[in-house]
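Okay, structure first, notes after.
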Amino acid sequence: MSLSLSAGGSVRAASANSNASQRTRQPIVTGTSVLAIKYNGGVMMTADTLCSYGSMAKYKDARRLQSINPKTLIGGGGEYSDFQAVTELLKRNALEDKCTADSLYDEDASEECAREVWNYLRAVMYNRRNKMNPLWNDLVVAGFSAQGDSFLGFVDKIGTTYEDNYIATGFGSYLAMPILREKYREGMTEGEARALLEDCMKVLFYRDCRALNRIQIAKVTKDEGVLISDPYELETDWSSAAFITPKATLDGDGGW
Amino acid sequence: MNQFAYHQQQMQAPMPMSYQHDGKSAETRNLKPGELSTGTTIMAIPFEGGVVLGADSRTSTGTYIANRVSDKLAQLHDHIWCCRSGSAADTQALTDYVRHYLSQLAIETGRAPTVKTAAHLMRRLCYENKDNLMAGVIIGGWDPVEKGSVYNIPLGGTCIKMPFAIGGSGSTYIYGLVDSMYSEGMTEEEAHTCVKKAISHAMARDGSSGGVIRTVVVKESGNAREYVPGNALPFGP
């Protein structure tokens, strides 16, 4: 019984099932968008706390932002079980590093920086893709690089990677990206960054069937490391007159 | 087959996957790509003297919410209303036809049509075009004969008079709740509260339902529409 993530299924199953090439599955329990931006203190990331079971909003308190080591934060959309496996793998690596570090007293020396985590994930995801059995996730990695500047990168289920000043996955890549592009500036304050992310999450709640208005925001800073907020609810607006006026009247347009 | 081969190739029957899910919900499976759907929660409860109808307001194309404040309660005649679920195009077309026929009938007979007539008209259209339609509707209204009555017309064109009706993709989540809340002979207040509560529970769990709750209370004296905004729901989101 293989517990390794890279095996992508046991060897015995592969030989019994000669259709080994058919192992890519459908995601079952899924998380939606993850958004992240760099700001003057570091990097900020947000995701809602919903995991859907098909169209059902089944798990409303799922945690899709995880801290891997005190300096690195990852967020994941897509199949939640695969995200949990990835998180477990990274945390296990971090623990091993800590326990086998040259000096037990020098914390900083053992930690992988965010850029290293990002590169490692690229290898893991691409390797599984080659076995036609991907970890069905879009992952966002935030933290700092070894040189000390802030880092924000993306890895998807087939091992595509890129880094940028702001990242959006899932529905966010369609709806939130234009807003981020418009409003992003180098060196935003924490308040501005948070307001921008909350605005994007509100739009996603309005327009994504698989989104929830209960979100978490997390930030990574040099001094304090990773801080993930408790989940909280966003205010939404339904008060426009055009919304309230009924449309499907006898002489109306049908009210689609 | 090479009879001298040491290993014979097995004839592979298609391997049954232990979990078959194509990612589509029952409501959207038959829609053409890009077609607009009202994955929905709709509900109607009659009370002494009338009917309460309610619906959510989400219209989705796939997982994109095309309209977050849609109006799914269509008026067919003065005291006859219809809750729409399924394809938005199909239900709008059906609503238009039934309105047309009902208004003609009212002129010909000189009095308001009954809810039963409206329901059976809708049934005729849904049944005879069942291969081309994806529409599940609930007809509710008031007439002097039956007072408040509710008819459920699901996919296929069955028409069945019911003590209360729920429909749409979100209704699956509230069967238990409605079964426990419903009782014979509810008052207008009780029925209205029940509708709003049940729909907000369905909206909390169904990805294809959401937005605001629209209700209409239909009585002999007239129709009263209400709007419950998405940040003031009895439960959820």
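Letters A, B, ... are given to chains in the order of the sequence lines, protein chains preceding strands, and every chain is numbered from 1. Values below: all heavy atoms of this structure, side chains included; hydrogens, waters and symmetry mates excluded.
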Portion of A:Thr32 that has a non-hydrogen atom of chain B nearer than 4.5 angstrom: neither

Give, as side chain, backbone, both or neither, the part of A:Leu250 having an atom under 4.5 angstrom from any heavy atom of chain B. both

Is A:Phe205 close to chain B through its backbone or its side chain, or both, or neither, when contacts mean heavy atoms under 4.5 Å? both

Say whether, by atom type as modelled, one donor and one acceptor occur between the side chain of A:Glu192 and the main chain of A:Thr189 under 3.5 angstrom. yes

If I measure from the heavy atoms of chain A, does B:Ala204 come under 4.5 Å with its side chain, its backbone, both, or neither? both

Under a 3.5 Å cutoff, is there a donor and acceptor pairing between the side chains of A:Tyr232 and A:Glu198? yes

Let's test your reading of the structure: which of B:Val216, B:Thr95, B:Asp78, B:Asn231 forms the most heavy-atom pairs below 4.5 Å with chain A? B:Asn231

Any idea which of A:Glu235, A:Glu233, A:Lys60, A:Arg214 has the most non-hydrogen atom pairs under 4.5 angstrom with chain B? A:Lys60

Ring centers of A:Trp118, A:Tyr162 separated by less than 6.0 Å: no

Side chain, backbone, both or neither: which part of A:Phe171 has an atom under 4.5 Å from a heavy atom of chain B? side chain

Looking at B:Arg205, B:Arg214, B:Gln75, which makes the most heavy-atom pairs under 4.5 Å with chain A? B:Arg205

Donor-acceptor side-chain pairing of A:Thr236 and A:Asn213 below 3.5 angstrom: no

Is the backbone N or O of A:Trp136 less than 3.5 Å from a side-chain atom of A:Asp82, with the two atoms forming a donor-acceptor pair by type? yes

In terms of side-chain heavy atoms, does A:Lys58 have a donor or acceptor partner in A:Ser52 at a distance below 3.5 Å? no

Under 4.5 Å from any heavy atom of chain B, what part of A:Leu175 do you find: side chain, backbone, both or neither? side chain

Select, from B:Gly211, B:Pro229, B:Ser57, the one with the greatest count of heavy-atom pairs under 4.5 Å involving chain A. B:Gly211

Among B:Ser209, B:Gly207, B:Gly210, the residue with the most heavy-atom pairs under 4.5 Å to chain A is B:Gly207

Indicate whether any N or O donor in one side chain lies under 3.5 Å from an N or O acceptor in the other, for B:Thr59 and B:Ser70. yes

Verify whether one side chain among B:Ser103 and B:His77 offers a donor that lies under 3.5 Å from an acceptor in the other. no

